[in-house]
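Because the structure is predicted, anything quoted here is derived from the model rather than measured.
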Amino acid sequence: MKVTEKKFGEHAFLYSLTNNNGVTLEATNLGARIVNLYVPTAVGRKNIVLGFDSEKEYVEKDLYFGATIGRVAGRIKNGQFSIDKKNYQVFVDPNTHHCLHGGPHSFEEKIWETAIKENDEELSVVFTHTSPANENGFPGTITVSVTYSLSNQNEWKITYQASTNESTLFNPTNHVYFNLTGDPTKTVADHQLLIDADKFVVVDSDTNATGEKRSVANTPFDFRTIKKVNEVFQTNYEQNVLVDGLDHPFILNHKTKETPQAVLVSPESDITVNVYTDRDTVVIFTAQFGNSGPEVHGNQVVHHGGITFETQTSPGAVEFEGFGDIILRPGKDFYSQTVYALLLSDDEALL
Ligand code: G6D
């Protein structure tokens with residue numbers, strides 16, 4: 001196992017974590033983000049996530065790629081919520097009138113403090129950041145740590161911890177885009193997807209949660225048995241047409257501890273990502289970039305050129321009953337883990 005560190009721009013550093021199987025995870029303290037995830041395959045090394053080559057490129061192109069998202073993942077309709085009967089108005093985008101991913105200049109744009117940790121089984125980089133009270137209108141000063149670990153079992157584990165001095169909202173996630181072909185000019189249509197969810201959250205034309213949890217049964221959003229993502233793209237199902245793919249919260253069943261909550265398999269079946277999380281929802285976004293996808297290592301990302309697994313509490317939690325509680329209170333610290341476990345076809349031990 002090995003860790004190296006190098007400059008990634010004016011302020012940021014890039015940390016490379018390599019395990020004993022030749023898997024390398026690269027992360028930067030700009031936004032506590034994953035930049036690259038290289039895996040060995042029969043036809044050579046593949047980078048299975050979308051990322052840019054420098055701090056400057058992230059700032060100029062897209063700060064959400066691979067970033068830690070917060071304070072609140074997804075949209076807060078009209079930027080309004082209340083805590084203990086006190087009403088708050090947070091920053092809203094002037095075009096959409098909603099607050100997306102905690103508003104601008106949030107976690108994804110900050111330079112986080114960094115520490116490296118190592119034991120016999122895994123390498124970790126620990127990112128910490130303090131967000132001052134009233135940032136984008138959110139109450140409470142919160143201290144957040146996000147730990148990325150890479151194990152010799154080929155698991156990328158994210159551990160979130162946070163505390164606050166005043167009751168506030170907190171619902172972080174990670175915005176990694178996977179493309180298991182290693183080629184951003186190929187769509188994820190031929191990837192196979194499983195989501196262990198009996199229900200998804202219906203969204204409106206602004207991609208806000210409507211408050212309706214709908215059974216996936218008899219809809220194209222039924223991924224309880226593994227199938228190609230294309231099976232959604234090809235339908236006229238109104239929820240697919242509305243957002244031109246998937247941009248939906250799926251309510252996870254969590255029936256057993258052993259089985260993954262979601263699975264993604266490459267078209268060649270040489271790479272599998274098993275997603276395990278303690279969160280109750282995963283938002284799946286299939287990178288609806290149209291013709292304006294950014295260039296990644298010299299190639300433009302195509303429409304549907306990536307897929308996210310944004311584990312979280314469902315958007316809509318501040319508006320609707322039964323959508324979970326995202327209030328973080330003083331003295332009750334936040335703790336959560338999500339694991340992206342890689343199964344590589346040339347890794348006999350893992351099959
Ligand atoms: C998230 O769900 C949202 C999308 O709607 C948004 O476009 C993207 O982040 C930037 O995945």
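- Taking NE2 of H297 as the reference point, atom CG of N47 lies at 5.0 Å (rounded to 0.5 Å).
- Every ring-ring contact (aromatic ring centres under 6.0 Å, His included) that F323 has, sequence neighbours left out, goes to F320.
- Between H303 and F289, the ring center distance fails the sub-6.0 Å criterion.
- Within 6.0 Å of CG on N218 lie no more than 12 heavy atoms contributed by other residues, nucleotides or ligands.
- Atom CD of E118 has more than 12 heavy atoms from other residues, nucleotides or ligands within 6.0 Å.
- Between D93 and R75 there is no salt bridge, since none of the side-chain N atoms of the basic residue sits less than 4.0 Å from a carboxylate O of the acidic one.
- Inspection of the S145 and T128 side chains reveals no N or O donor paired with an N or O acceptor under 3.5 Å.
- If you take OG1 on T168 and CD on E166, they are separated by 7.5 Å, rounding to the nearest 0.5 Å.
- In summary, D198 and R224 engage in a salt bridge, as defined by a charged side-chain N under 4.0 Å from a carboxylate O.
- With sequence neighbours excluded, the residues forming a ring-ring contact (aromatic ring centres under 6.0 Å, His included) with F334 are F170, listed by chain and number.
- Note: the hydrophobic cluster containing L14 does not contain L17 (ILVMFWY, side chain heavy atoms under 4.5 Å, direct or indirect links).
- Counting non-hydrogen atoms of other residues, nucleotides and ligands closer than 6.0 Å to NZ of K199 gives a total of 12 or fewer.
- Under a 4.0 Å N-O distance rule, the pair K157/E122 qualifies as a salt bridge.
- For Y148, the ring-ring contact (aromatic ring centres under 6.0 Å, His included) partners are F127, W156, not counting sequence neighbours.
- There is a path of hydrophobic side-chain contacts, each under 4.5 Å, that joins V90 to V318.
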(message) Before you tell me yes or no, could you show the steps for Q288 and T286 under side-chain hydrogen bond (donor to acceptor under 3.5 Å, both in side chains), namely the whole-Å CA-CA distance, both residues' side-chain angles and the distance that decides it to 0.1 Å?
(response) CA-CA 6 Å; Q288 278 77 260; T286 47; 2.5 Å; yes

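- Atom CG of D247 and atom CG of N240 lie 11.5 Å apart (nearest 0.5 Å).
- To the nearest 0.5 angstrom, I69 atom CD1 is 14.5 Å from R71 atom CZ.
- Rounding to the nearest 0.5 angstrom, the gap separating the CD1 atom in I158 from the CG atom in N174 is 4.0 Å.
- For the atom pair E108 CD and D62 CG, the distance stands at 9.5 Å (nearest 0.5 Å).
- Using a 3.5 Å distance cut-off with no hydrogens or angles, the side chains of H98 and N208 do pair a donor with an acceptor.
- Screening Y64, F107, F91 for a ring pair (Phe, Tyr, Trp, His ring centres under 6.0 Å) with H101, the sole residue that qualifies is Y64.
- With no hydrogens or angles considered, a side-chain donor-acceptor pair links T311 and T338 at under 3.5 Å.
- Below 30°, between 30° and 60°, or above 60°: for H129 and W112 the angle between ring planes is between 30° and 60°, a tilted geometry.
- Remark: F178 pairs with Y340 by the ring-ring contact (aromatic ring centres under 6.0 Å, His included) rule, at least two apart or across chains.
- Looking at N165, its side chain never comes within 3.5 Å of a backbone N or O of P330 through a donor-acceptor pair.
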(message) Walk me through whether Q337 and T159 qualify under side-chain hydrogen bond (donor to acceptor under 3.5 Å, both in side chains).
(response) CA-CA 5 Å; Q337 281 192 330; T159 306; 3.0 Å; yes

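- Neither side chain, Q261 nor T277, offers a donor N or O lying under 3.5 Å from an acceptor on the other.
- For N19 against L150, the heavy-atom pair with the smallest separation is N-CD2, 3.8 Å.
- Here K2 pairs with nothing under the salt bridge (Lys or Arg N to Asp or Glu O under 4.0 Å) rule; sequence neighbours left out.
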(request) Given side-chain hydrogen bond (donor to acceptor under 3.5 Å, both in side chains), test D183 with T181 step by step and report yes or no. (result) CA-CA 5 Å; D183 180 354; T181 68; 5.4 Å; no

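- Between the side chains of D278 and S336, at least one donor N or O sits under 3.5 Å from an acceptor N or O.
- Checked by atom type, the side-chain pair S124/S149 shows a donor-acceptor distance below 3.5 Å.
- Atom CD of E109 has more than 12 neighbouring heavy atoms from other residues, nucleotides or ligands inside a 6.0 Å radius.
- Across I34 and L25, no two heavy atoms sit closer than the pair CD1-CG, 4.0 Å.
- Heavy atoms of other residues, nucleotides or ligands lying less than 6.0 angstrom from NZ of K77 number 12 at most.
- Salt bridge R33/E26: absent, no basic N to carboxylate O contact under 4.0 Å.
- A continuous path of Ile, Leu, Val, Met, Phe, Trp and Tyr side chains, each step under 4.5 Å between heavy atoms, connects Y237 with F233, placing both in one hydrophobic cluster.
- Taking the ring centre of F65 as origin, the terminal cationic atom of K61 falls outside the region bounded by 6.0 Å and 45° from the ring axis.
- Inspection of the E310 and T308 side chains reveals an N or O donor paired with an N or O acceptor under 3.5 Å.
- Checked against a 6.0 Å centroid threshold, the rings of F8 and F13 do not count as neighbours.
- Grouped with Y276 in one hydrophobic cluster are V339, the linkage being side-chain heavy-atom contacts under 4.5 Å among Ile, Leu, Val, Met, Phe, Trp and Tyr residues.
- When the shell of 6.0 Å around NZ of K56 is examined, it contains 12 or fewer heavy atoms from other residues, nucleotides or ligands.
- The two residues T68 and A32 have their closest heavy-atom pair at OG1-O, 2.7 Å.
- Under 3.5 Å, the side chains of Q80 and Q89 contain a donor-acceptor pair of N or O atoms.
- In summary, E238 and R214 engage in a salt bridge, as defined by a charged side-chain N under 4.0 Å from a carboxylate O.
- When the side chains of ILVMFWY residues are joined at heavy-atom separations under 4.5 Å, either directly or via intervening members, I271 and V296 end up in two distinct hydrophobic clusters.
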